[in-house]
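Only heavy atoms go into these numbers, but all of them, side chains included; no hydrogens, no water, no symmetry mates. Lettering follows sequence order; numbering is per chain, from 1.
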Amino acid sequence: MNARQKNTTEYNFAYLDEDTKRMIRRALLKAVAIPGYQVPFASREMPMPYGWGTGGVQVTAACLTPDDVLKVIDQGADDTTNAVSIRKFFQRTADVAVTEATQDATIIQTRHRIPEAALTEGQILVFQVPIPEPLRFLEPRETETRKMHELEEYGLMHVKLYEDIAKHGQIATAYAYPVKVEGRYVMDPSPIPKFDNPKLSGNPALMLFGAGREQRIYALPPHTNVVSLDFEDHPFEASKANHNCDICGAGDTYLDEVITDDQGSRMFVCSDTDHCRIRQEA
Amino acid sequence: MQPLLQVKDIRKTYGPRIGCTDVSFDLYPGEVMGIVGESGSGKSTLLSCLAGHAQPDTGAVIFDGRDTVTMPEPERRMLARTDWAYVHQNPRDGLRMGVSAGGNVGERLMAVGARNYGTIRDTATDWLGRVEINADRIDDRPSQFSGGMQQRLQIARNLVTGPRLVFMDEPTGGLDVSVQARLLDLLRGLVRRMGLSAIIVTHDLAVVRLLADRLMVMKGGHVVEQGLTDQVLDDPQHAYTQLLVSSVLQV
Amino acid sequence: MIDVQNVTKTFTLHNQGGTVIPVMQGASLSVAAGECVGLIGQSGAGKSTLMRMIWGNYLAASGSIMVAGVDVARAAPREIIALRRHTMGYVSQFLRVVPRVPTIDVVAEPLDCEDAHEQAAALLTRLRIPERLWGLSPTTFSGGEQQRVNIARGFIAPRPVLLLDEPTASLDAANRETVIALIEEAKAAGSAIIGIFHDEGARDRVCDRVVNVTRFA
């Protein structure tokens, strides 16, 4: 109780001032109304460097209420630097309850993963996005990419996939795999592995994407239809390492490869630490 | 026969300065028209207005019965990647330098909905052959190509969707004379075989003599003379055209 | 087939004080199918000028030039091009082609059929162009060879109207005979021909009558 009083005197709830939160919520509402469309917003300086999730943190701050239960993951893990520091940030500035259990969380901020456990209605998943524009690497002009989105000129997206196949014999894009949302906007799902792409479609949770440096917010409302782009003769595949988890034995989860010594020994473990823990305990 | 393109009273000014004015002509299917004039004569401004890159102050550019000046931008852009093609003087402006030759040729196909990798690649291979680029260069980037090859690649990329009208801005501009001849021959063959209509802006009278059926001579934003190419070059009527023709060492 | 009526031609040299040079007035001439008419008159009398006006290369100041029903003096460029593509052939004294295009392709170009190359080969053989040269561009050839390539190109496709500017000039006796035979064959096939021949022997053999253009001066 003492701590809470101390915090609320030093910070506004969840760090951002109310006007900023309102501005971000407006952007979020617009983003939800137009799934996959990148809404510009006035991204603020946050007390962390760009690339550490400033976009995600601002979206989370705008969504948090005192009753929320927050989970933060970085590449699926609850215990890595980025996850720990963002979790602590909101504990200090909003004093919200935190958890590592996916099903207990009301808001999950994530860097580059979607949890293995199925999300449920009412949950919000906040993605940290480095580069929101899927057309960026092929078309450097922002004015032109906006026009291309406006007019649904998405041939260029397939040029990227074509180049992949030409170079590697298959679509080698393994993360940030472009998707088309509700048959309209092509969207960068942030650098999640393409293994997670199928979970974007028809998901009962609300998915929000925040790009702090690029000042863009976009969203997938619950149960949105999301299709990964592909060719007829090179269909999309949600691939993963051909192994089981060396800790919990799961054969259907996304795995991290961990080098264990200088002799090149390695093991494969679930990237979702919470999922792996639950399976070990069971 | 109906004209493919009807240009009516095109005028474009830059403040008080005239870019081009009072330009009208009809272009029929299969016709190649050259536009010549010195720098600043308004020929490039005119080409920009015709191709939809610039908005004319007045006038109409009617393609296949539709005014492309007033049509909504999405339609115009659709036209630009289907029925129209634009060959830039500098291939770097018309190519994606970071994308392989095959990807460059395939882009227009994918832009109009091609989604079969094998088919796209086969078509790209075929087109590289038609512009005399070896099939084994299909995965090389244009930056590894010579200037002449880049220009041929740009042409393949433009013609792959079978356009009906091609705009060319000094297509042989930056090339060596020996490479120019080869490109001209190639262009002439493609234009004939595909029955293309084309509008070619150039200051090189030899280029229009070889490629263009008709010629339009511009000076100070005005069309001073137009007619059959060899007639305008061999029996010029206007003082400026006479000067232009007599100034060339050998056409 | 060809009907020239009252044609006037002047050259205005705008860049030389606006000098107006009248070269022809009241030129009238008509040629029926299967007929060959020779233009005569000394150098500068306007033989080539008249021929070039019929070809559409020079613009007539007034009068009419009907060729197969089209008035060349007034026709739109595309009508003249269609005429040249299907009806009217022209053998000039100069060969003008895209560099590097092989001779065989230059000759076959006016034809639009499957065996164009075989026909071109046959005609080149008849005109004694050695086969080893067929794959080369005629721009590298000698004057006589270029002239024969030009003739082959002009005669390969049957044309109802043929304009011949010195077709036998700079040819040896054997090739001259071949060209005269080609002209006679075209006449027999019904072509209306206008020719300029300094070679009087050839002129006498192929021309049904001559027109002296000096009377149009």
Can you find a pair of side-chain heavy atoms, one from Ile120(B) and one from His158(A), that are under 4.5 Å apart?
no

Minimum heavy-atom distance Arg115(B)-Asp230(A), with the two atoms named:
CD-O, 4.2 Å

Salt bridge (charged side-chain N to carboxylate O under 4.0 Å, His left out) between Arg77(B) and Glu144(A), intermediate numbers included:
CA-CA 12 Å; Arg77(B) 284 174 69 116; Glu144(A) 183 62 16; 2.9 Å; yes

Angle between ring planes, Tyr117(B) versus Tyr162(A), binned at 30° and 60°: parallel, tilted or perpendicular?
tilted

Look only at the side chain of Asp233(A) and the backbone of Gly118(B), and say whether a donor-acceptor pair between them is shorter than 3.5 Å.
yes

Backbone N/O of Ser100(B) and side chain of Glu163(A): donor-acceptor pair under 3.5 Å:
yes

Residue part contacting chain A, namely of Asp139(B), when any heavy atom lies under 4.5 Å:
side chain

Does any heavy atom of chain A fall under 4.5 Å from the side chain of Arg108(B), the backbone, both, or neither of them?
neither

Do you know which of Met157(A), Lys147(A), Glu152(A) has the most heavy-atom pairs with chain B at a distance under 4.5 angstrom?
Lys147(A)

Highest number of heavy-atom pairs under 4.5 Å with chain B among Leu161(A), Leu138(A), Leu151(A) belongs to Leu151(A)

Engaged part of Lys167(A) at the chain B interface, taking heavy atoms whose separation is under 4.5 Å
side chain

Where on His234(A) is there a heavy atom nearer than 4.5 Å to chain B: the side chain, the backbone, both, or neither?
side chain

Does the side chain to side chain contact (heavy atoms under 4.5 Å, CB included) test come out yes or no for Val99(B) and Lys160(A), once each step is laid out?
CA-CA 8 Å; Val99(B) 169; Lys160(A) 192 172 171 217; over 6 Å; no

Please check if atom [atom1] in [X] has more than 12 non-hydrogen atoms from other residues, nucleotides or ligands closer than 6.0 Å.
{"X": "Asn242(A)", "atom1": "CG", "value": "no"}
{"X": "Lys8(B)", "atom1": "NZ", "value": "no"}
{"X": "Arg22(A)", "atom1": "CZ", "value": "no"}
{"X": "Arg184(A)", "atom1": "CZ", "value": "yes"}
{"X": "Glu75(B)", "atom1": "CD", "value": "yes"}

Select all residues of residues 45-74 of chain B having any heavy atom within less than 4.5 Å of some heavy atom of chain A, and report them by number, or 'none'.
Glu73(B), Pro74(B)

After noting the C-alpha distance and the side-chain angles of Met78(B) and Glu153(A), does the key distance pass the side chain to side chain contact (heavy atoms under 4.5 Å, CB included) rule?
CA-CA 9 Å; Met78(B) 178 55 98; Glu153(A) 292 180 2; over 6 Å; no

